[in-house]
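Down below is the structure, laid out as structure tokens.
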Amino acid sequence: MHWLFGDQLGPHFLTPGDEGPGHDTPLLMIEARSVFRRRRFHRAKAHLVLSAMRHRAAELGDRVTYVRADTYRDGLDRAARGRRVGVHHPTSHAALRLVRALPRVAVGPARGFLVPMADFTAWADGHGGKRLRQEDFYHWVRRGHDLLMDGGQPAGGQWNLDHDNREPPPRDTPSLRVDRPYRPREDDIDDEVRHDLDRWERDGGVSFVGRDGPRLFPATRAEARRALRRFVEHRLATFGPYEDAMLAADPVMSHSLLSSSLNLGLLDPAECVETAERAWREGRAPLNSVEGFVRQVAGWREYVWQLYWYFGEGYRRSNTLRHTAPLPDWWNDLDADAVRANCLHTVLAQVRDTGWTHHIPRLMILGSHALQRGWDPAAVTDWFHRCFVDGYDWVMLPNVVGMSQYADGGRMTTKPYTSGGAYINRMSDLCGPCVYRPGDRTGERACPYTAGYWVFLDRHRDRLAGNQRIAQPVRQLDRLSDLTEVREQERARGDTPP
């Protein structure tokens, strides 16, 4: 038999070769309820994952044995009955430990990524395992896969077009003038999943956070392909300039919304970047937008996957800044209504309602707030894993520990990613109606991000003073006449909702 995990749902997981299954190999899928007892997942995420698994099982028909069990071990015992089982390399350390501990289970290479793990290890070791910067890796992937290349040179003569992709949002409209993203239609399988989730909650032992329905993200290969096609044909052209911008009434902007489909295995990254590149070569999308999208998929996503395995399990215990504060209840419960700061209220409500926001709200509003308050990075990682429809351990561990919380001390990024309210004001329309003012550090209207930024720098000034990318604002601390007042104000605020 060949065992398909719930994030290995596309056809590229069934093609023969690389220890993959033969055309007639019986297949196994296991729906383990214990997964939902261990973590309080977002309801929309639980619905999407189970809907995708059950849709795939329906497509595979009699070839698949679909087992609903308490645990993966129970399901395997019931279905395999002593037979040898093959499985592609899972996507988490915990799942890999499980399959390696099971008798008669053979683990093959990972699929669903552009770069084999052994190739990345050789590349990283060639850099001494230290200066593993995403930009260098991105160039290497582009060369190796001939992505956006003209011979040996990058298309357009530049590797990085970020300077064209950092525009603030247009100030004359609450939303971008762009076609809406693809939205799927629910069916009987979705209804069945929702009924089962309701029953599990009533029975006790399983609980969720956030709101459910209607399903916003693809659960089948056909839906995912339609979502990719709609993005490339109608939204890719406007993606680049505003990819870092935020609008309160338009959380999606021109983003692709393909991350959950990629992470479920419904789409292969190669088809995504190749489709985008073809749009540029045919004159249907500008290079800066296409390069920005290719960077996200072939650059950042691939980089995060590889670092998850290269850094190893001990990476999750990284806590260079020694942040240990627990996450407050209002945050864990996605209680956006408890929050007065408009930017955090808006983004937390988006997570509550959909299980998704794009990368800048994740990094510069959610992650930045957690960093400034000194929350335990392992707990923050788990929160992102649970509360986002595209969240998996391999996705969130490097993104949160390494980038968002700077808990690895710079192994992955060159500086902490946090800011005062001025950045949020420049890159969004969120500050205008807020009860706080982005320029105020103290007083009733002191912006929690502005005050929090200076307190964060002050708390870690000895460590950060030697970092060239942030040394200048650290030096400015000594010129703040109200620093003592800011410290006392933020100490009094604690972790009450800002």
Side-chain angles (χ1 to χ4, degrees), residues 3-10 12-13 32 35-36 38-39 41-42 45-46 48-49 52-53 72 87-100 107-121 123-124 129 132 134 137-138 141 217 258-270 272 295-318 355-356 359 362-363 367 377-405 407-408 411-413:
W3 180 4
L4 290 172
F5 274 93
D7 53 3
Q8 300 175 340
L9 302 181
H12 47 292
F13 291 96
V35 172
F36 300 101
R38 288 195 295 269
R39 283 187 171 94
F41 284 105
H42 198 293
K45 176 176 184 170
L48 174 63
V49 171
M53 290 180 67
Y72 286 121
V87 64
H88 294 305
H89 194 293
T91 60
S92 74
H93 292 296
L96 183 61
R97 283 197 308 272
L98 170 67
V99 297
R100 284 180 170 171
V107 182
R111 292 190 180 181
F113 297 89
L114 296 172
V115 178
M117 290 182 186
D119 291 0
F120 178 84
T121 298
W123 177 84
L132 306 179
Q134 188 265 353
F137 171 75
Y138 174 59
V141 173
F217 302 93
L258 298 176
S259 55
S260 61
S261 298
L262 280 161
N263 295 349
L264 286 167
L266 297 172
L267 293 174
D268 186 87
C272 294
R295 175 181 296 272
Q296 285 190 336
V297 177
W300 191 255
R301 180 178 185 269
E302 200 76 20
Y303 176 67
V304 163
W305 162 257
Q306 298 292 349
L307 289 186
Y308 176 82
W309 296 104
Y310 188 78
F311 285 160
E313 289 202 69
Y315 187 71
R316 74 177 64 251
R317 296 189 294 274
S318 302
W356 184 91
H359 64 285
R362 297 189 199 202
L363 181 65
V380 178
T381 300
D382 181 69
W383 182 85
F384 273 95
H385 179 171
R386 294 184 294 106
C387 293
F388 281 79
V389 293
D390 55 6
Y392 291 84
D393 195 53
W394 72 266
V395 176
M396 293 307 180
L397 187 60
N399 266 308
V400 177
V401 167
M403 188 176 194
S404 170
Q405 301 304 294
D408 66 359
R411 292 183 71 185
M412 184 176 171
T413 61

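We're numbering straight along the sequence, starting at 1.
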Counting distance only, does the side-chain N/O of [X] pair as donor-acceptor with the main-chain N or O of [Y] below 3.5 Å?
X: R386; Y: R39; value: no
X: Y308; Y: H93; value: yes
X: H88; Y: F13; value: yes
X: E302; Y: L114; value: yes

What do the steps show when you test M403 against R362 for side chain to side chain contact (heavy atoms under 4.5 Å, CB included), and what is the final call?
-> CA-CA 11 Å; M403 188 176 194; R362 297 189 199 202; over 6 Å; no

Carefully, step by step, assess F388 and N263 under the rule side chain to side chain contact (heavy atoms under 4.5 Å, CB included).
-> CA-CA 12 Å; F388 281 79; N263 295 349; over 6 Å; no

Per the ring-ring contact (aromatic ring centres under 6.0 Å, His included) rule, which among W305, Y310, F311, F113 passes with F120?
->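 Considering W305, Y310, F311, F113, a ring-ring contact (aromatic ring centres under 6.0 Å, His included) with F120 is found only for Y310.
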
Determine, step by step, whether D393 and H385 satisfy the side chain to side chain contact (heavy atoms under 4.5 Å, CB included) criterion, reporting the C-alpha distance in whole Å, the side-chain angles of both residues, the deciding distance to 0.1 Å, and the verdict.
-> CA-CA 6 Å; D393 195 53; H385 179 171; 4.1 Å; yes

Non-hydrogen atoms of [X] and [Y] that approach each other most closely:
X: W300; Y: N399; value: NE1-OD1, 2.9 Å
X: S404; Y: G367; value: OG-CA, 3.3 Å
X: L48; Y: S260; value: CD2-CB, 4.0 Å
X: L262; Y: D268; value: CD2-C, 4.0 Å
X: L397; Y: R316; value: CD1-CB, 3.4 Å

Indicate yes or no: does R301 engage D390 in a salt bridge with an N to O separation below 4.0 Å.
->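 Looking at R301 and D390, the cut-off is not met.
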
What's the verdict on side chain to side chain contact (heavy atoms under 4.5 Å, CB included) for V297 and L258, showing C-alpha distance, side-chain angles and the deciding distance?
-> CA-CA 10 Å; V297 177; L258 298 176; over 6 Å; no

Can a cation-pi geometry be assigned to K45 and F384, taking NZ or CZ under 6.0 Å from the six-membered ring centre and within 45° of the ring axis?
->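 Here K45 fails the 6.0 Å and 45° test against F384.
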
Please state whether the rings of Y303 and F137 are parallel, tilted or perpendicular, taking 30° and 60° as the class boundaries.
->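 The rings of Y303 and F137 sit tilted, inter-plane angle from 30° to 60°.
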
